[in-house]
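These numbers were taken from a predicted model, which means no experiment stands behind them.
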Amino acid sequence: MTARSGRAAGSARGDLFDPECPTRRLLDRIGTKWTSMAVNVLGEAAPGEVRFAELRRRMPGVSQKMLSVTLHGLVRDGLVARRVEPTVPPSVHYRLTELGATLEGPLAVLRTWAEAHMAEVDRANEIHDAGVV
């Protein structure tokens, strides 16, 4: 058992406190604002596909490179499927996989929590930044 988790090392659930735990890698991927936005946009299009340019248009502030990196990771993890039409220039389409669709609910809960508590977090930031802590 690990001291922090109370679970046996190598258990099926993993140990988030173990630097080698693969759960950390996945949480790094799904815990970003760009992943949350991409999953949201693709979920709204489900079961259809969304082209790269449309994803970028619907995700204000994301650079082409950051969106490419985000989508590459999501495709690699099996959360998003990518389809390329051999046109000039190539037309690239994305959609959530069945596994990716299971991520919509948990991310929606986090977005709802953030929306409900953002004012409190802003107040805490102001107090901290004013040195009143």
Side-chain angles (χ1 to χ4, degrees):
M1 282 199 202
T2 63
R4 288 188 158 205
S5 70
R7 289 192 303 275
S11 69
R13 290 189 61 199
D15 179 2
L16 184 59
F17 297 98
D18 178 354
E20 301 302 316
C21 181
T23 303
R24 282 183 161 195
R25 178 185 53 81
L26 188 55
L27 287 174
D28 281 345
R29 169 109 50 242
I30 65 176
T32 72
K33 66 183 173 188
W34 303 126
T35 291
S36 182
M37 289 175 151
V39 168
N40 186 273
V41 171
L42 293 169
E44 289 174 352
E49 297 176 319
V50 179
R51 291 185 60 186
F52 183 90
E54 176 66 9
L55 270 166
R56 187 162 179 219
R57 185 184 68 74
R58 298 203 33 215
M59 295 171 58
V62 70
S63 68
Q64 182 170 335
K65 180 177 180 172
M66 191 69 243
L67 182 55
S68 292
V69 167
T70 299
L71 291 169
H72 176 78
L74 293 171
V75 168
R76 184 172 183 261
D77 290 340
L79 301 170
V80 169
R82 179 179 186 265
R83 182 177 65 83
V84 180
E85 286 183 19
T87 58
V88 178
S91 180
V92 184
H93 304 262
Y94 296 90
R95 67 171 174 76
L96 288 179
T97 62
E98 286 185 37
L99 179 60
T102 67
L103 188 55
E104 284 183 277
L107 289 178
V109 169
L110 287 173
R111 282 191 303 273
T112 300
W113 181 90
E115 290 166 357
H117 296 283
M118 196 61 237
E120 294 168 81
V121 171
D122 283 343
R123 279 193 299 280
N125 288 177
E126 290 169 6
I127 291 168
H128 180 273
D129 293 349
V132 183
V133 283

Side-chain donor-acceptor pairs of residues 101-112 under 3.5 Å, sequence neighbours excluded:
from, atom 1, to, atom 2, distance (Å)
T102, OG1, L99, O, 2.5
R111, NH1, S36, OG, 3.1
T112, OG1, A108, O, 2.9

Is I127 reachable from V121 through a run of I, L, V, M, F, W or Y residues, each pair having side-chain heavy atoms under 4.5 Å apart?
-> no
Is there side-chain contact between W34 and L67, with at least one heavy-atom pair below 4.5 Å?
-> no
Those residues at least two apart in sequence (or on a different chain) that pass ring pair (Phe, Tyr, Trp, His ring centres under 6.0 Å) with H72 are none
Indicate yes or no for a side-chain donor-acceptor contact from D77 to the backbone of L79 under 3.5 Å, with no hydrogens or angles considered.
-> no
Smallest separation among heavy atoms of R51 and S91, with atom names = NE-OG, 3.1 Å
R24: side-chain hydrogen bond (donor to acceptor under 3.5 Å, both in side chains) partners, not counting sequence neighbours = none
Distance col, row R25:CZ vs I30:CD1, nearest 0.5 angstrom, shows 10.5 Å
Does E85 reach the side chain of P90, with side-chain heavy atoms less than 4.5 Å apart?
-> no
Just wondering, are more than 12 heavy atoms of other shown residues or ligands nearer than 6.0 Å to CD in E120?
-> yes
Applying side-chain contact (heavy atoms from CB on, under 4.5 Å) to A45 and not counting sequence neighbours gives V50
How would you list all residue pairs meeting salt bridge (charged side-chain N to carboxylate O under 4.0 Å, His left out) that involve residues 30-50, not counting sequence neighbours?
-> E44-R58, E49-R83
Separation of T97 OG1 from L42 CG (nearest 0.5 Å) | 10.0 Å
Qualifying ring pair (Phe, Tyr, Trp, His ring centres under 6.0 Å) pairs, either residue in residues 95-127, two or more places apart = W113-H117
Determine whether S68 and F52 make a side-chain contact, defined as any pair of heavy atoms from C-beta on separated by less than 4.5 Å.
-> yes
State, with a plain yes or no, whether a side-chain heavy atom of R56 is found less than 4.5 Å away from one of Q64.
-> yes
Would you check if L71 and L55 make a side-chain contact, meaning some heavy-atom pair closer than 4.5 Å?
-> yes
Transitive ILVMFWY side-chain link V84 to L96, under 4.5 Å | yes
More than 12 heavy atoms of other groups within 6.0 Å of E20 CD | no
Smallest separation among heavy atoms of D28 and T32, with atom names | O-CG2, 3.3 Å
Is there side-chain contact between R29 and L74, with heavy atoms separated by less than 4.5 Å?
-> yes
Do R57 and E54 meet the salt-bridge criterion of a basic N to acidic O distance under 4.0 Å?
-> yes
Step by step, would you call L27 with L16 a side-chain contact (heavy atoms from CB on, under 4.5 Å)?
-> CA-CA 10 Å; L27 287 174; L16 184 59; 3.5 Å; yes
